[in-house]
There are 2 protein chains.
Amino acid sequence: MDDLETRELRYFVAVAEELHFGRAADRLGIAQPPLSRAIRQVERRLGVVLFERDRRGVVLTDAGRVLLREARTALDAVAAAARRTRRAGNPERPLVLATKAGASHDLLRRLLDTHAAQPGAAPVEVLLCEVGEQAGLLRDGRADVALMHRPVDDLAGFDTEDLHTEGQVAILPAGHPLASRRRLTLADVRDVPGLPIARWPRLDGTYPEGPGPEVRTQSQLAQLVALGRTLLVIPASSRAWQWPDHVAVPVVDAPEITTVIAWPPASRSLEVAALVRSAVAAGAAGEAERWTDDRRHHRGTAGPRSPAPR
Amino acid sequence: MDDLETRELRYFVAVAEELHFGRAADRLGIAQPPLSRAIRQVERRLGVVLFERDRRGVVLTDAGRVLLREARTALDAVAAAARRTRRAGNPERPLVLATKAGASHDLLRRLLDTHAAQPGAAPVEVLLCEVGEQAGLLRDGRADVALMHRPVDDLAGFDTEDLHTEGQVAILPAGHPLASRRRLTLADVRDVPGLPIARWPRLDGTYPEGPGPEVRTQSQLAQLVALGRTLLVIPASSRAWQWPDHVAVPVVDAPEITTVIAWPPASRSLEVAALVRSAVAAGAAGEAERWTDDRRHHRGTAGPRSPAPR
DNA sequence: CCGCTGTGATACCTCCCCGGTATCACCCGT
DNA sequence: ACGGGTGATACCGGGGAGGTATCACAGCGG
């Protein structure tokens, strides 16, 4: 009597995103009347009004907003079930590791080397993605594990293990007055004339107000940095990005960034567990290297919140 | 072309649990042939064999085991979507807080009092459940928040906030030789003649080997304790359970138990956030009380892994 | 005031596919 | 060899998903 079908959830999400039955039907590849009927049926079944029909477009009710959020995660879970099952059935099944392009480069290399050195280690496929994409990839099964960063990424719903904590640096053109400083503060780099900080889109796709250029992808940002048009505060290890004519200056009061390896709590396969172990070992190796190195050392503080997958 | 329907997932889970098409069909209220066909269709669609048909019952393949795990969480997510949406539509929507019967009694009372004192606080319904049930209740939307205990409960997939950490005590009949001791160690209470520790079922429903009685519910356990038939090591605050003719003796080397409030990361409603805030306040109040009190004091160590819901 | 446009809702039809019944193919015990 | 019990197959009927045509209604320009 209750129990939604994934088809109904897909239909609802389409309408909720388009806020227009016609366009949603078009996107779904069906006609509009069946879509209207399906949504009505969901509303009747749940005993709840999902849309305020206004003769001029549609708006979500409170209940509709709740269902939109829940439906997305439910659909992701269903998609993940299919994807992971397909992969489990195939003899070839490389683990997919998602990471932001350019970030944590050294750690990633150590991780892959460490893992490859394990006897019988599963092959690992690296999936480079844009900022904030990792969570979705993990949730719907396109990735098995991800390197993410606290506190900038949303780690809600994943198990994580800390790998490495570090400070942030500002990236500046070599000739800039601030480039000669040994250290900077956030106050120094805020509102630098001619070097505004780039603006990333919010969750709803709009951009915050400000003088900086709008960016959407890392490659856009990289180009702007190369052009000397924007100022960047990033984790020290992301300096793989750095151009020859730019310098990195530590920003002493910027929040420390912890690189973590994250995986969906449901997936506790042996392969994932082995990869997480390799990652932790690689993280520890990196920490040790920093001790012998003369750089500033940061230790992860918060312990793992849940045990490594079994 | 791909994309599983929840009906198919339900069917698969039924067969995977029964390992018998006939019984599964019976349980689902349909006939056996459509069920066989549906499973075959899923296998064809995923391109994967889920069951090894053996002419004498059925066994899951590796891929089948993966799908069983994934399908359960996906179905829970779908059920949660329906439940939470229904609740959001109703004007009356008490928050449901799940907690183990008898555990954390004082904290729960403080929590409810603190929350009720907030202006405009949503009504809270307390759902008492058995050990280990909370995770399922949270996952499928029957509960909004839960009091759980680290490290005994599986917190994977939830956001949590620490409330209170405490040591454990052994519950003994008053006349027992160990009852006069001021403190005990785990070695003392293991293999006490005549007072074996009760055995809980594993995830698969079987019981570990051992001399103790098999228990399945807290009330069974309470009765065994009342009869003086079993020995119990529980958090100090669970002494609400204690019978007059039993005493509690601290077990100094037992792992400390942290009571946490947990919620699904997807649900970030204002109501849940307010309740979590009340819980944290109540936890802090309890800690303060302990300082003025003369009892042993334990402080939560690991910080919150993710910020409170917004 | 009257069409015109664009929205979602309704009516009605068609056909697919889910589910039921009957039966088969096969492996077991004796 | 032969029933008993398993899951698979064949076939049929009906409910419901999806399509087409149309309506009801709001805004808007003439």
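Throughout, protein chains are lettered first and strands after them, A, B, ... in sequence-line order, and every chain is numbered starting at 1.
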Problem set entry | Ion pair A/R72/A/E17, N-O distance below 4.0 Å |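 Between A/E17 and A/R72 there is a salt bridge, with a charged N closer than 4.0 Å to a carboxylate O.
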
Find the distance [X]:[atom1] to [N]:[atom2] and express it as a whole number of Å.
X	N	atom1	atom2	value
B/Y11	C/dC18	OH	P	9 Å
A/I30	C/dC15	CD1	P	19 Å
B/R45	C/dC18	CZ	P	8 Å
A/Q41	C/dT10	CD	C1'	15 Å
B/D26	D/dG5	CG	P	15 Å
A/Q32	D/dC23	CD	C1'	12 Å
A/E18	C/dG8	CD	P	11 Å
A/E8	D/dG16	CD	P	12 Å

Exercise. Is there side-chain contact between B/L97 and B/L127, with at least one heavy-atom pair below 4.5 Å?
Worked result: no

Taking the side chain of [X] as its heavy atoms from C-beta onward, which of [options] lies nearest to it?
X	options	result
B/P33	D/dT9, C/dG8, D/dG18	D/dT9
B/R7	C/dG8, D/dG7, C/dC18	C/dC18
B/F21	C/dG19, C/dG8, D/dG7	D/dG7
B/R37	C/dC18, D/dG18, D/dT9	C/dC18

Problem set entry | A/R53/A/E43 under salt bridge (charged side-chain N to carboxylate O under 4.0 Å, His left out): CA gap, chis, key distance, verdict | CA-CA 13 Å; A/R53 278 87 157 171; A/E43 287 182 319; 2.9 Å; yes

Any [X] side-chain nitrogen or oxygen under 4.0 Å from OP1 or OP2 of [N]:
X	N	result
A/R53	C/dA9	yes
A/S36	C/dG8	no
A/H20	C/dG6	no

Problem set entry | Check: A/E52/A/T61 side-chain N/O donor and acceptor closer than 3.5 Å | no

For this session: Anything under 30° is parallel, anything over 60° is perpendicular, the rest tilted; go ahead and classify B/F51 against B/F21.
Result: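 Ring orientation, 0 to 90° scale: perpendicular.
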
For this session: Give one of base, sugar-phosphate or nothing for A/E5, where a contact means two heavy atoms less than 4.0 Å apart.
Result: nothing

